[in-house]
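Notes follow the structure.
In what follows, every heavy atom counts, from backbone to side chain, and hydrogens, waters and symmetry copies are set aside.
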Amino acid sequence: MKIGYYPGCSLESSAKEYDRATRLVARHLGIQLYDLNDWNCCGATAAHSTDHFLAAALPARNLMIAEEMGLNVTVPCAACYQRLRLAHRELTENEATAREIAELLGRPYQGKVRIYSLLETIAGIGLDQLAAQVVRPLKELKVACYYGCLLVRPPGTGCDDPENPRLMDELLLAAKAEVLDWGYKNECCGASLVFSERRLALRLIRNILRNAVDAGATSIACACPLCQTNLDTRQGQVNKEFGTSFAIPIFYFPQLLGLAMGLYPQDLGLGKHFIDPQRAIKAVGG
Amino acid sequence: MSVNESDVVTTAEGAAWEPKIVAFLCNWCSYAGADLAGVSRIKYPANVRIIRVPCSSRVNPQFVFRAFERGADGVLVAGCHPGDCHYVTGNYYTRRRLTLFKRLLEYVGFEPERFIVRWVSASEGQRFAETVKEMVDGLKHLGPQKRVSRV
Amino acid sequence: MILLGGKNATEKDSVGAVVRASGHATLLHCYQCGKCTAGCPLAFGMDYNPNQIIRLLQLGRMKQVLGSRAIWICAGCWTCTTRCPCSIDIARVMDSLRVIARREGQTAQGRDVASFNDLFLQSVRRYGRVFELSVVLGLNVRRRRLFHDADLGRFMLARGKLRFTAEKIKGVKEVRRLFSRQGAPVRTRKERVKE
Amino acid sequence: MPRIGVFVCWCGSNIGGVLDCPAIAQEAASFPGVVYSTEYKYVCSDPGQKLIVDAVKEHRLERVVVASCSPRLHEETFRQVLRRSGLNPYFFEMANLREHCSWVHPDTTVREQAQRKAVDLVRRAVAKAARLEPLFPGKIPVVRRCLVIGGGIAGIQTALDVADAGLEVLLVEREPTIGGNMVKLDKTFPTLDCSACISTPKMVAVAQHPNIRLYTYAQVEEVTGYIGNFKARIRQKARYVDHSKCNGCGTCWTRCPVTVPDDFNLGLGERGAIYIPFPQAVPNKPVIDLEHCRRSTRGKCGACAKLCPTGAIDYEQKDEFVDVEVGAIIVATGYGLFPWEKVYGEYGYGRFRDVITGLMFERMVNASGPTGGKIQRPSSGKEPKTVVFIQCVGSRDEARGKEYCSRFCCMYTAKHAHQILEKIPGSEVYVFYIDVRTFGKGYEEFYRRVRDEGAVYIRGRVSKVYQDGSKLIVRGADTLLGEQVEIAADMVVLATGAVPAAGAADVARMIGIPQDKDGFFQEAHPKLRPVETHTGGVYLAGTCQGPKDIPDTVSQASGAAAKVCGLLLRDELETNPLVSKVNEALCTGCLACQPVCPYRAIQPVTITERLPGQPPRERVVARVNEGLCQGCGACTVACRAGAIDLKGFTNKQLIAEVDALCL
Ligand SMILES: Cc1cc2nc3c(=O)[nH]c(=O)nc-3n(C[C@H](O)[C@H](O)[C@H](O)COP(=O)(O)OP(=O)(O)OC[C@H]3O[C@@H](n4cnc5c(N)ncnc54)[C@H](O)[C@@H]3O)c2cc1C
Ligand SMILES: Cc1cc2nc3c(=O)[nH]c(=O)nc-3n(C[C@H](O)[C@H](O)[C@H](O)COP(=O)(O)OP(=O)(O)OC[C@H]3O[C@@H](n4cnc5c(N)ncnc54)[C@H](O)[C@@H]3O)c2cc1C
Ligand code: SF4
Ligand code: SF4
Ligand code: SF4
Ligand code: SF4
Ligand code: SF4
Ligand code: SF4
Ligand code: SF4
Ligand code: SF4
């Protein structure tokens, strides 16, 4: 399968391991990722909080690039994914905006590109197909799949049921992990506030960690660089702020899939976590 | 048959003494409630014998007294919940009359557990069964009624 | 005390702008069930709950809304929008309010949020992508708290997760053109200095 | 001792699987009076029924006991079997072995006890059977005519429905025209069709219906009798206009020199002393309001008499009485509005002219109303720009108003808000509410539409309205924001709730129907008998039973009509034979029984007693009206003399049952 790949800014820096695991797993599953040529930042929360036009225009350029390359796009970052989909909707529904952007960039967007989350793309090859690749079943792994907000909201742009998303659960089930039913899988982690209103954001992170741990999770899986960074790197701050002692590893879901498929933990960027995932990896015999 | 049946039971089988309860149930609510207990197969002790009356207000205290005289160990009167009476206000009279009567019984030395007035609706099969259970337990504790029993 | 009626109700036009910008015909059909607030992960930190923001708009209280902290606390998680029984896109209303507040310079209650957004977009404008380090450091400079999150910085550095140089994309000119549209709010430092 | 037959039913394994039915039958054979006893697999089946019929013949049975399931299930079935066997159907008694025994005591550990209980239950039934008496339902003839009191939409609808079924209807309305409150309305929610357009054709239909006799400006003064056979006295108030002569030309009312505030328009307009309430009134003929007529106040005028081309004016007319017999009565006396100006000082006690009620607003927006449909401030005649509505005025206020919700005011307020926004460009509408109740079909959608149109709903009750120059200052709170709100308004419209129509208590007393705690007439059952009353033959329609809107009013009116047709289309009524009977020889005339009867079935009568060797003597005794008695038996306990007994549940029978069980 051929598909355009829009990594987004985070996967170039703070979420390098996500990028690496994604490319490795995709290759292993026979998904050919083509990086969008010279893509630009989608603008993220900053853009839509500041200017409605920019919020549509920045992703629009990327969609045009994909369209020129004749590819659909898969997006590993939940925020980028939502921005791209909302921009696609704006461009196809709001003629004025579409026209203006076309003028500024000197070409139109035809609206042919389909935007998929990485979850959908991987699930797209078939769960059986995936299960067949599993050499190291994640049997001992009690994992809470965390989707956050932007993958599933607002309705119509999300990739799964906004209230009870299941895609990641299905994927990890195929990898024989023990996935848990828990209440915070679609709660917000406050990523967009973490720099400006850190104390508020820490509280949201605390709530998510607590709920996962209460549900019996020994690890959390994510499908977004912002979620992972937030939940992983801020655990120390959370513990300090609330007097807790969380130390739960936060994985990118392709890292776990990679493990199950027998790839090397180092190659999957598993050494780059703030909370050491060694114990969890050992438990599954990694 | 003028012999007390419960005596026969004790002697014949050596089984424990079983209290005898006469129940007056109004046709519209409590009798239907007892029917529902049956339809729902809710088990309860077999000590209760039911007499159907149109309304709990039809129950003359004399009937209750008669039952005791004839050897009943307990009497139950049950009707629709206040406000739900098929005949509008009947059970208010029941309440007033039978409360008074109960006080009289207690005055002459009856234990309060021997005479019970309870509201049981047509949908309260469970409540009917529980009422019977409760009464039987209470009466077993008290033993046979001998105060006015002529038998 | 909220004063309404006759000449008291003067902010209807500006409310109308928010209503339109957020893609609504009206917000008056919100019946204040509070479901938006109930699910909002950040309501605990807001001065007005999300439903109260909508309520104030219904009453035409634009100034009160623009002066609220709530609009900056909103993380844009879209929980409210997803569940509103009246199909009100509260998250987008919040967005629109931030946009308008930013345009009108009413960012007192959300200085850090607005600064972060500014720095972020500046970075995008300059390089076509966001240069995380410059945004974070920039924010710390503006806030005069240089070592905020320094622990994290050290960790990221150690794991090779921080870039020290920005990567400029080839099409940065195109991106700048997108910013050039009239009304686009982000200015570079140079421009700011010039003013 | 009558000859009794006992039939024990297995109900397949339902009974037979737990109880030893042959043993029960065998034991029953030894009970006093039992001459035949048997068991059968399914007694209610055709062969089972035949078994009974044959046994009755063969063994000359006089009473039958079936020991099977609940009498609530099959008592009627078996009574019919007895009828077919040539026995009085009330010579039947049942023992409930299934619901009360086999199904609840199935365990083998209690087999013995269950079996003994079953035998006891059969013994009880036999004891009662031995004392059964033949009972015969009584017959009462039915007068095929219905009286409808109140000519609002409820009375109109119900009268038309009954009349259409071919029955005679007498419709009595106390105002000079029928139509009630509905004809005062402008549009009706949620579809906004014009109220007069849908109601006046029905009014005309009433006037023209061959089966309806219409009495307007009339009142029912006395009702006696019982279901199927009521007598009523109608007072036709003097109109001072001979309607048999008047042709409704209108000359008189346009020329009368007197002007008085017009009650039909709630004081917003004026009328003469001779008047019709509104142009489409039915009948479309005037009455003279003698209190204001100049001829009677000043002794001179007589203009109407002089001008009338038909000589219909008759200043000497007197009230007349009409006595009628009817088989059923439908009460449809409607509602009035809560007298807010007596209670709410904080809204100005009616002192501020621009504080009006919803019904006044209806008259104001009505094109045929006093302002010709122009919405204007009563104080200045100017168009209001800011209008505040206050809901629940007098309703949902247990301290000074009524505890209940008036049901229609939320919706009519929404309607009024819509009308303001539609007719006055640039207007502002604020609605203070506590909850908004939109239970009907299309109502919530209407409410949403009105909000979309710009009505601002503010959750909170207004605390005060005061005049400030030409403005009304309304002070409330937005409880959702927790902030006080003050609105400078041009007009304030109060959604006053509904109360029972004036005089409802008199109607209740006259007919003998209870009122609920709020004065509305009490239906027989709030869910299952909403149009019936506890008095047989008396039915309710519309808002006299409780606040309701037009759709509900009309449904209930048609429901009441159906009930009346069901009653009156029979030739005779069969009375329930299970009623009380007074033994006049024992009755002391104390009447202790009378107040306990919920149906007022017991009345004192004077009888002449002829005891041998003594002069005839007059004596008061109680008598039970079999048409009214429902057979509850409450009276039997109240009678100290033991003079009343309940047929089918007599003292003797019940005592015998007790004895049989306690043996
Ligand atoms: C402001 C307002 C707006 C409304 N708008 C709507 C609407 O848009 N849609 C809607 O569905 N509903 C509306 N309603 C409700 C509607 O008015 C009632 O549902 C309906 O009128 C009830 O009809 P009724 O026949 O029961 O009572 P009424 O209309 O009150 O009729 C009762 C009649 O009985 C007569 N009467 C009373 N006592 C006696 C007596 N003792 N003897 C003889 N006659 C007697 C009265 O004179 C009257 O003519 C509104 C109500 C109000 C107050
Ligand atoms: C949880 C709950 C609680 C409620 N509590 C109350 C309460 O406390 N008080 C109250 O007043 N109301 C209450 N209600 C409302 C009440 O249930 C309804 O008002 C009432 O049951 C309506 O009766 P119905 O006969 O119109 O409809 P239904 O009860 O729905 O009866 C319709 C019947 O038609 C049959 N049917 C359907 N289609 C066909 C077909 N094509 N051919 C043949 N048969 C068909 C169905 O099987 C059904 O038996 C409650 C409702 C709910 C859901
Ligand atoms: S959820 Fe929607 S309808 Fe409810 S209060 Fe919020 S905005 Fe209003
Ligand atoms: S989008 Fe904003 S207001 Fe809505 S739930 Fe999320 S944080 Fe709250
Ligand atoms: S009579 Fe009753 S118990 Fe006997 S077969 Fe019929 S249903 Fe069953
Ligand atoms: S003038 Fe005479 S006929 Fe004409 S309406 Fe008046 S009373 Fe009737
Ligand atoms: S007599 Fe009376 S009713 Fe007739 S015109 Fe004169 S004032 Fe009017
Ligand atoms: S219908 Fe509405 S306005 Fe009227 S009493 Fe009920 S809640 Fe109040
Ligand atoms: S209570 Fe008994 S004695 Fe007294 S009037 Fe009634 S029937 Fe007669
Ligand atoms: S049996 Fe009941 S209804 Fe009949 S007269 Fe006696 S008290 Fe009234």
Any side-chain heavy atom of [X] sitting closer than 4.5 Å to one from [Y]?
{"X": "A:R153", "Y": "C:T79", "value": "yes"}
{"X": "A:T50", "Y": "C:V99", "value": "no"}
{"X": "A:M64", "Y": "C:E174", "value": "no"}
{"X": "C:I169", "Y": "A:W39", "value": "no"}
{"X": "C:E132", "Y": "A:S10", "value": "yes"}
{"X": "A:T45", "Y": "C:F120", "value": "no"}
{"X": "A:L104", "Y": "C:S180", "value": "yes"}
{"X": "C:L152", "Y": "A:Q237", "value": "yes"}

Can you tell me how far apart [atom1] ([X]) and [atom2] ([Y]) are? Round to the nearest 0.5 Å.
{"X": "A:C42", "Y": "C:R129", "atom1": "SG", "atom2": "CZ", "result": "11.5 Å"}
{"X": "A:Q82", "Y": "C:C77", "atom1": "CD", "atom2": "SG", "result": "10.0 Å"}
{"X": "C:F155", "Y": "A:S14", "atom1": "CZ", "atom2": "OG", "result": "10.5 Å"}
{"X": "A:C41", "Y": "C:R125", "atom1": "SG", "atom2": "CZ", "result": "14.5 Å"}
{"X": "A:L54", "Y": "C:L121", "atom1": "CG", "atom2": "CG", "result": "6.5 Å"}
{"X": "A:D51", "Y": "C:F179", "atom1": "CG", "atom2": "CZ", "result": "9.0 Å"}

Electrostatic pair C:R177-A:E103, nearest N-O below 4.0 angstrom = no

Contact class of [X] relative to chain C, heavy atoms under 4.5 angstrom:
{"X": "A:E17", "answer": "side chain"}
{"X": "A:L204", "answer": "side chain"}
{"X": "A:R203", "answer": "side chain"}
{"X": "A:L200", "answer": "both"}
{"X": "A:K16", "answer": "side chain"}
{"X": "A:N94", "answer": "neither"}
{"X": "A:P162", "answer": "side chain"}

For [X], is it the side chain, the backbone, both, or neither that has a heavy atom closer than 4.5 Å to a heavy atom of chain A?
{"X": "C:V130", "answer": "both"}
{"X": "C:R69", "answer": "side chain"}
{"X": "C:S123", "answer": "neither"}
{"X": "C:L139", "answer": "side chain"}
{"X": "C:R111", "answer": "neither"}
{"X": "C:I100", "answer": "neither"}

By side-chain contact (heavy atoms from CB on, under 4.5 Å), A:A57 pairs with (sequence neighbours left out) A:F53, A:I101, C:L178

Looking only at heavy atoms and a cut-off of under 4.5 Å, which of [options] has the most pairs with chain C?
{"options": "A:E187, A:H273, A:R199", "result": "A:H273"}
{"options": "A:L150, A:L105, A:T233", "result": "A:L105"}
{"options": "A:C189, A:A191, A:G236, A:G43", "result": "A:G43"}
{"options": "A:P154, A:G158, A:G190", "result": "A:P154"}
{"options": "A:V152, A:N40, A:N186", "result": "A:N40"}

Partner of A:F195 by side-chain contact (heavy atoms from CB on, under 4.5 Å), out of C:V113, C:V136, C:L119 | C:V136

Nearest heavy atoms of A:D38 and C:G171, plus distance in Å | OD2-N, 2.6 Å

Taking all non-hydrogen atoms of both residues, which atom of A:L193 and which atom of C:W72 are closest, and how far apart?
-> CD2-O, 3.7 Å

By salt bridge (charged side-chain N to carboxylate O under 4.0 Å, His left out) - contacts of A:R234 (at least two apart) = C:D149

Check the pair A:H52, C:R92 against side chain to side chain contact (heavy atoms under 4.5 Å, CB included), reporting the backbone distance first and the verdict last.
-> CA-CA 10 Å; A:H52 290 318; C:R92 194 155 156 100; 4.0 Å; yes

Residues of residues 38-47 of chain C with a heavy atom under 4.5 Å from any heavy atom of chain A, in residue-number order, are C:P41, C:L42, C:F44, C:G45

May I ask you to list the residues in residues 17-33 of chain C that approach chain A closer than 4.5 angstrom, counting heavy atoms only, ordered by number?
-> C:A21

Winner by heavy-atom pair count (cut-off under 4.5 Å) against chain A, out of C:A91, C:S96, C:G76 | C:S96

Side chain to side chain contact (heavy atoms under 4.5 Å, CB included) between A:T229 and C:M156, worked out | CA-CA 10 Å; A:T229 311; C:M156 301 287 247; 4.2 Å; yes

CD (A:E95) with more than 12 external heavy atoms under 6.0 Å | no

